[in-house]
A.B. asks: 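Got a structure for you, questions after.
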Amino acid sequence: MPRPGVRGSQAAASPSGSGSHRPGRPNPTSVGAWPILFIGPLMLGIAVFYYWPIVKNIVASLQQTNAFGGNPEFVGLQNYNDLFSSPDLGSAMLNTLLYTLIVLLGIPLSVIIASMIELPGLKFKGLYRALYFMPYLAMPMAVAQVWKIVYNGQFGLLNQILRGLGASNPPYWLVTPGWALFAVALFGLWASIGFNVIILSAGLKSIPRELYEAASIDGASRWRQFWSITVPLLSPSIFFLVIMTTISGFQLFDALYAMIGTGNPAEPRTRSLVSLFYREAFVNNDQGVGAAIAIVIFLLVAIVTFIQFLGQKKWVNYV
């Protein structure tokens, strides 16, 4: 038999009803300041090293300074007027887009390579992945120097092969304006395959083998299985690579600088947006125009990425 007054004391201890917690105990729904303590240093680093430089660059694009960055003078949109009135901007933008499109062709090639590596029963899969991924681990400048030797017009391996096949006068790849950008883009395509294959191999492992077995029972060929199962279920990985490759293509500089250089007669015809930024900001010491070019690159990457995210709803299948 319950003691008298027990129910009354419980009701007095929790006047707000059954949903209240007892005094002295922590509320399980209250986390206090712990999230701020954990993410605060990260957000501070992002603000200092990412957002603040963007703000400073926007301000610099509206100013004119001397060669050392001193004596800033507000000129408004004059730097942007000078930039868009120059024919170099259109040429650099076209070269950057052409390079990016060529490098994007490495993604379907990587899909085929990754699918072949992940075939059931294939031995030494880890070795094949490592062989494809090793060039990605090497320093880009060092690999570019090796390809520069391969492209050499006199003793390069590529021209030696072409002469052996009967070509009497193969081009000087890196000094001919019509071939130089294509040669650099081919190097970029080759350099991106290793990373692409690793990402796509991980995506292929997540596809259930039962789908292929069921398709085989229904009489679907390997080619039909590839287009109806592999490609649709691999589309999230493909979309990720499209985004990363596009952003990397708009940042083209190191391969051009290593393989083309500055005194090359083909340099004006292969100049990218980042190369144009380097010339204006650090060669011509026009930091205002250089900052304006950086803003243009930032906006182009943001617009293209936004369009890609809008379009992915039509072809990317998230399971």
Side-chain angles (χ1 to χ4, degrees), residues 91-118 128-129 131-138 140 143-144 146-148 150-151 157-158 161-162 170-171 173-174 176-204 223 226-227 230-256 258-260 266 269-275 297 300-301 303-305 307-312 314-317:
S91 175
M93 192 178 300
L94 181 61
N95 291 336
T96 303
L97 291 174
L98 181 59
Y99 172 86
T100 304
L101 290 175
I102 294 176
V103 176
L104 282 172
L105 295 178
I107 295 180
L109 179 61
S110 301
V111 172
I112 296 174
I113 295 174
S115 300
M116 294 175 63
I117 292 177
E118 296 301 326
Y128 296 142
R129 295 193 201 100
L131 291 176
Y132 277 104
F133 192 65
M134 282 177 62
Y136 183 79
L137 299 177
V143 180
V146 174
W147 274 77
K148 188 176 181 179
V150 172
Y151 281 133
L157 177 62
L158 180 58
I161 294 175
L162 293 177
W173 299 95
L174 297 179
T176 305
W179 289 103
L181 182 63
F182 173 77
V184 175
L186 183 62
F187 160 74
L189 187 153
W190 171 85
S192 66
I193 287 179
F195 178 76
N196 295 349
V197 167
I198 294 298
I199 298 298
L200 294 171
S201 295
L204 287 169
W223 186 251
F226 176 78
W227 281 109
T230 303
V231 174
L233 296 184
L234 203 60
S235 57
S237 300
I238 297 174
F239 174 66
F240 169 77
L241 292 177
V242 169
I243 294 292
M244 298 301 295
T245 303
T246 302
I247 295 175
S248 176
F250 275 92
Q251 297 174 348
L252 170 65
F253 175 73
D254 51 357
L256 280 178
M259 301 176 68
I260 303 298
R269 295 278 298 275
T270 59
R271 191 177 296 145
S272 66
L273 285 171
V274 181
S275 298
I297 297 173
L300 282 175
V301 172
I303 292 172
V304 172
T305 304
I307 294 174
Q308 288 174 330
F309 269 95
L310 289 180
Q312 58 96 18
K314 298 181 180 180
W315 65 277
V316 179
N317 300 289

A.B. asks: Side chains of Leu98 and Phe182: does their closest heavy-atom pair fall under 4.5 Å?
C.D. replies: no
A.B. asks: Roughly how far, to the nearest 0.5 Å, is CE of Met244 from CD1 of Ile107?
C.D. replies: 11.0 Å
A.B. asks: Starting at OH of Tyr99, measure out to OG1 of Thr270 and round the result to the nearest 0.5 Å.
C.D. replies: 12.0 Å
A.B. asks: Check each of Thr96, Val184, Leu97 against Ser272 using the side chain to side chain contact (heavy atoms under 4.5 Å, CB included) test, and report the only one that passes.
C.D. replies: Thr96
A.B. asks: Determine whether a donor-acceptor pair (N or O, by modelled atom type, separation under 3.5 Å) exists between the side chain of Ser110 and the backbone of Gly106.
C.D. replies: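 Side chain of Ser110 to backbone of Gly106, a donor-acceptor pair under 3.5 Å: yes, one is there.
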A.B. asks: Does any part of the side chain of Leu300, heavy atoms only, come nearer than 4.5 Å to the side chain of Leu273, both counted from C-beta?
C.D. replies: yes
A.B. asks: Can you sort out the partners of Ile198 under side-chain contact (heavy atoms from CB on, under 4.5 Å), two or more places apart, ordered by chain and number?
C.D. replies: Arg129, Phe133
A.B. asks: Taking side-chain contact (heavy atoms from CB on, under 4.5 Å) as the definition, give me every residue that meets it alongside Pro236, ordered by chain and number, with sequence neighbours left out.
C.D. replies: Val316, Tyr318
A.B. asks: Do side-chain atoms of Thr245 reach the backbone of Val242 as a donor and acceptor pair under 3.5 angstrom?
C.D. replies: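 No, because the side chain of Thr245 does not come within donor-acceptor range (under 3.5 Å) of the backbone of Val242.
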A.B. asks: Measure across Ala180 and Ala266 and return the closest heavy-atom pair with its distance rounded to 0.1 Å.
C.D. replies: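 Of all heavy-atom pairs spanning Ala180 and Ala266, the closest is CB-CB, 3.8 Å.
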A.B. asks: Quick check: closest heavy atoms across Ala255 and Phe187, and the distance to 0.1 Å?
C.D. replies: CB-CE2, 3.7 Å
A.B. asks: Does Thr176 use its side chain to pair, donor to acceptor, with the backbone of Pro171 at less than 3.5 Å?
C.D. replies: no
A.B. asks: Where do Val143 and Ala138 come nearest, in terms of heavy atoms and distance?
C.D. replies: CG2-CB, 3.4 Å
A.B. asks: Find the distance between CD1 (Ile238) and CG (Asn196) and round it off to the nearest 0.5 Å.
C.D. replies: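 It comes to 10.0 Å.
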A.B. asks: Describe, in one word, how the ring planes of Phe239 and Phe309 are oriented to each other, choosing from parallel (under 30°), tilted (30 to 60°) and perpendicular (over 60°).
C.D. replies: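 It falls in the perpendicular class, over 60°.
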A.B. asks: Say you draw a straight line from CG of Leu101 to OG1 of Thr246; how long is it, rounded to the nearest 0.5 Å?
C.D. replies: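 Interatomic distance, Leu101 CG to Thr246 OG1, rounded to 0.5 Å: 8.5 Å.
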A.B. asks: Under 6.0 Å from the CH2 atom of Trp315, do we count more than 12 heavy atoms belonging to anything else shown?
C.D. replies: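 Yes - once you tally the heavy atoms of other residues, nucleotides and ligands closer than 6.0 Å, there are more than 12.
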A.B. asks: Does Tyr151 use its side chain to pair, donor to acceptor, with the backbone of Ala183 at less than 3.5 Å?
C.D. replies: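 Yes, Tyr151 side chain to Ala183 backbone: donor-acceptor pair under 3.5 Å.
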A.B. asks: What residues, two or more places apart in sequence or in another chain, satisfy side-chain contact (heavy atoms from CB on, under 4.5 Å) together with Val150?
C.D. replies: Leu157, Leu158
A.B. asks: What's the shortest heavy-atom distance between Gln308 and Ile243, and which atoms?
C.D. replies: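 Closest approach of Gln308 to Ile243, heavy atoms only: OE1-CD1, 2.9 Å.
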A.B. asks: Less than 4.5 Å apart, any side-chain heavy atom of Trp179 and any of Leu174?
C.D. replies: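 When only atoms from C-beta onward are counted, Leu174 and Trp179 do not touch, as no gap falls below 4.5 Å.
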A.B. asks: Between atom OG of Ser275 and atom CG of Asp254, what is the distance when rounded to the nearest 0.5 Å?
C.D. replies: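 Rounded to the nearest 0.5 Å, the OG-CG separation comes to 9.5 Å.
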A.B. asks: Taking all non-hydrogen atoms of both residues, which atom of Leu204 and which atom of Glu118 are closest, and how far apart?
C.D. replies: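 Scanning both residues, the minimum pair turns out to be CD1-CG, 3.7 Å.
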A.B. asks: Taking all non-hydrogen atoms of both residues, which atom of Pro135 and which atom of Trp190 are closest, and how far apart?
C.D. replies: CB-CH2, 3.5 Å
A.B. asks: How long is the gap from CG on Leu109 to CG on Leu189, to the nearest 0.5 Å?
C.D. replies: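 Spacing of CG (Leu109) from CG (Leu189) equals 6.5 Å.
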A.B. asks: Mind checking whether Leu186 and Ile102 have side chains closer than 4.5 Å, heavy atoms only?
C.D. replies: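 No, too far: nothing below the 4.5 Å cut-off.
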A.B. asks: When the ring planes of Phe226 and Trp223 are compared, do they come out parallel, tilted or perpendicular, using 30° and 60° as the limits?
C.D. replies: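 If you compare the ring of Phe226 with that of Trp223, the planes turn out parallel.
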A.B. asks: Can you confirm whether Tyr132 is buried at OH, in the sense that more than 12 heavy atoms of other residues, nucleotides or ligands lie under 6.0 Å from that atom?
C.D. replies: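 Counting neighbours around OH of Tyr132, 12 or fewer heavy atoms of other residues, nucleotides or ligands fall under 6.0 Å, so no.
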